[in-house]
Visitor: 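The structure under discussion is supplied below as structure tokens; questions concerning it will follow.
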There are 2 protein chains.
Amino acid sequence: MATSSVVDDITRAAVDLFSTQGYANTSVQQIVEAAGVTKGAMYHYFESKDDLLFSVYERMLSLQTEHLEEIVGRGASTAQTLRDVCVDVIETSIDFLPEGTVFFRSVHMLSEPRQKEVTRRRRQYHDVFASLIERGQEEGLYRTDVPRAVLVAHFFSDVHYLSNWYSPEGPEDKVLLAQQLTDLFLVAIKA
Amino acid sequence: MATSSVVDDITRAAVDLFSTQGYANTSVQQIVEAAGVTKGAMYHYFESKDDLLFSVYERMLSLQTEHLEEIVGRGASTAQTLRDVCVDVIETSIDFLPEGTVFFRSVHMLSEPRQKEVTRRRRQYHDVFASLIERGQEEGLYRTDVPRAVLVAHFFSDVHYLSNWYSPEGPEDKVLLAQQLTDLFLVAIKA
DNA sequence: TTCTCGATACCGACTGTTCGGTATGTCGCC
DNA sequence: GGCGACATACCGAACAGTCGGTATCGAGAA
């Protein structure tokens, strides 16, 4: 289909501009010009500028949830599963660094219902993560002197912060970094 | 001075609105109405909306830099100094939670020069922090198998992320949380 | 094969409104 | 009488979204 190309072009341009200029500072006109299409085309495929932003999140959230389910589904040990989940979410966050930038900067610009939806989806992810830690705690693997919510937040803070300092052109390698951050986390929560 | 009250009222209203609605979604009109003053008053004390945002950062950055210098100036051991710095920055970040929200969400909305200035100031802080870790590494206290930049980012990610999940009304106590997060960090970087 | 018709995929000038910023004025105080 | 501290009406630009159009195409009737 030729349509998918148009949609992709628009999405790509939007992510690019949103991540460098911010959502509010980017006009629809800029996006369509960068994508090489017209406003009419954009409003044919997207309901609103808001909708465009949401679609960026949609894609990321779906992908990460998918990965999570796949990894948990493997049925490995708790320790191995948690490690794999950590590494994966860090790696995919690096793969989608611009999306992450947009995400953390501009979720609050979404309309109420959409913001709720995003929050709901993220919480689902966090809940699975938290239950993994809980299982590990029951197995005596992880410390219990710090509230689980703090442990979870402690991990996701790294993921969140990536878009604020990591540069693919920098010295850090993606795979290595994912292992290092995961290791820092796992060492910290060890019983 | 009565003026300081007006300035404070405006700043308070701005932080409040910026943190709940975002910078771009908050009009100058809303701010002055919430502060109980007029546009004229605001533009008498602030150059622009941008200036208003910057002043919020100014205050936070100055305070944290001040604290940092005081703590380092005490001349305690490296381990103790680092611990104190960590606890302090977490605690003050909690004290200035709305400011933090605004900060991390809207720095990119600042004008180029001001953004540069903010980045410069933050880097200064990070550099002092990094040199503390370096000193600790030389003393054999902290691990050296992970790049220092990663260790630094790992810590500041927690500080950064606070405004995304912590609620003063929630079950976590400020002082306790600061200790817990600091502990997680220090355990992770131990040699 | 040709012609029609509906539908999908766009096009781009236009509009209503919002909002940052300003110009001009007023009022009290030194 | 002039200066600092505001008040208020107003301006002009930017911008999201609209709307009346056109082009292309596939299916079915003739």
Side-chain angles (χ1 to χ4, degrees), chain A residues 1-58 102 105-115, chain B residues 1-58 102 105-115:
Chain A
M1 262 195 286
T3 69
S4 73
S5 156
V6 171
V7 171
D8 281 0
D9 288 351
I10 295 172
T11 308
R12 251 193 295 275
V15 170
D16 194 43
L17 288 166
F18 287 164
S19 69
T20 54
Q21 310 182 339
Y23 176 76
N25 286 334
T26 303
S27 70
V28 172
Q29 201 56 239
Q30 276 183 291
I31 297 171
V32 297
E33 269 165 26
V37 298
T38 62
K39 246 186 183 184
M42 198 227 107
Y43 277 98
H44 180 70
Y45 291 108
F46 298 92
E47 276 179 26
S48 59
K49 194 186 171 188
D50 185 273
D51 192 35
L52 192 50
L53 182 61
F54 183 70
S55 79
V56 173
Y57 298 163
E58 247 291 299
V102 178
R105 240 180 220 169
S106 308
V107 222
H108 64 287
M109 307 287 270
L110 278 177
S111 66
E112 258 308 300
R114 295 222 149 120
Q115 211 169 318
Chain B
M1 264 197 284
T3 69
S4 73
S5 156
V6 171
V7 170
D8 281 1
D9 287 351
I10 295 172
T11 308
R12 250 193 296 275
V15 170
D16 194 43
L17 288 166
F18 287 165
S19 68
T20 54
Q21 310 182 339
Y23 176 76
N25 286 334
T26 304
S27 70
V28 172
Q29 201 56 239
Q30 275 182 292
I31 297 171
V32 298
E33 269 166 27
V37 299
T38 62
K39 246 187 183 184
M42 197 226 107
Y43 277 96
H44 181 71
Y45 291 108
F46 298 92
E47 276 179 27
S48 59
K49 193 187 173 189
D50 184 274
D51 192 35
L52 191 51
L53 182 60
F54 183 70
S55 80
V56 173
Y57 299 163
E58 246 294 296
V102 178
R105 240 181 220 168
S106 308
V107 223
H108 64 287
M109 307 288 269
L110 278 177
S111 65
E112 257 309 299
R114 296 223 149 121
Q115 210 169 317

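What you see below is based on every heavy atom in this structure, not just the backbone, and it leaves out hydrogens, waters and symmetry mates. So that the names make sense, note that chain A is the first sequence line, chain B the second, and so on, each numbered from 1.
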Visitor: Just how far, in rounded Å, is C1' of C:dC19 from CG of B:Asp50?
Guide: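 The answer, rounded to whole Å, is 15 Å.
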
Visitor: Just how far, in rounded Å, is P of D:dC15 from NZ of A:Lys39?
Guide: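 Value for this atom pair: 10 Å.
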
Visitor: Starting the side chain at C-beta, find the nucleotide from C:dG21, D:dG17, C:dC11 nearest to A:Ser48.
Guide: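 Closest of the options to the side chain of A:Ser48: D:dG17.
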
Visitor: Using whole Å, what does the distance between atom P of nucleotide D:dA14 and atom CD1 of A:Ile31 come to?
Guide: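 Whole-Å distance recorded here is 17 Å.
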
Visitor: Just checking B:Ser27: base, sugar-phosphate only, or nothing, at a heavy-atom cut-off of under 4.0 Å?
Guide: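 The answer is sugar-phosphate, as B:Ser27 gets under 4.0 Å only of primed atoms, P, OP1 or OP2.
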
Visitor: Has B:Asp50 got a side-chain atom pairing as donor or acceptor with B:Ser111's backbone, closer than 3.5 angstrom?
Guide: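 Yes, because the side chain of B:Asp50 sits within donor-acceptor range (under 3.5 Å) of the backbone of B:Ser111.
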
Visitor: Rounded to the nearest angstrom, tell me the gap between atom NE2 in A:His44 and atom C1' in D:dT18.
Guide: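 Value for this atom pair: 15 Å.
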
Visitor: Between A:Gly40 and A:Val28, which has a closest nucleotide on DNA chain D that is more 5'?
Guide: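 That would be A:Val28.
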
Visitor: From the options D:dG17, C:dC11, C:dG21, select the nucleotide whose nearest atom is closest to the side chain of A:Lys49.
Guide: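 Among the listed nucleotides, the one closest to the side chain of A:Lys49 is D:dG17.
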
Visitor: Rounded to whole angstroms, how far apart are OH on A:Tyr43 and C1' on D:dG21?
Guide: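 For the pair A:Tyr43 OH and D:dG21 C1', the rounded distance is 19 Å.
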
Visitor: Ignoring hydrogens and angles, tell me if any N or O in the side chain of B:Ser27 forms a donor-acceptor pair with the backbone of B:Gln30 under 3.5 Å.
Guide: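 Indeed, once roles are kept as given, a pair shorter than 3.5 Å links the two residues.
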
Visitor: In this structure, how many angstroms lie between the P atom of C:dT8 and the CE atom of A:Met42, rounded?
Guide: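 So the two atoms are 19 Å apart, to the nearest Å.
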
Visitor: Kindly say whether A:Leu110 contributes a backbone atom to a donor-acceptor pair with the side chain of A:Tyr23 at under 3.5 angstrom?
Guide: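 Between the backbone of A:Leu110 and the side chain of A:Tyr23 there is no qualifying donor-acceptor contact (under 3.5 Å).
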
Visitor: How many angstroms lie between atom OG1 of A:Thr11 and atom CG of A:Leu53, to the nearest 0.5 angstrom?
Guide: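 Interatomic distance, A:Thr11 OG1 to A:Leu53 CG, rounded to 0.5 Å: 11.5 Å.
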
Visitor: Between A:Asn25 and A:Glu47, which has a closest nucleotide on DNA chain D that is more 5'?
Guide: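 On the 5' side of the pair lies A:Asn25.
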
Visitor: Round to a whole Å and report the spacing from CZ of B:Phe46 to C1' of C:dG20.
Guide: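 Rounding to the nearest Å, CZ of B:Phe46 and C1' of C:dG20 are 16 Å apart.
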
Visitor: Find the distance A:Gln29:CD to D:dG17:P and express it as a whole number of Å.
Guide: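 Rounded to whole Å, this separation is 13 Å.
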
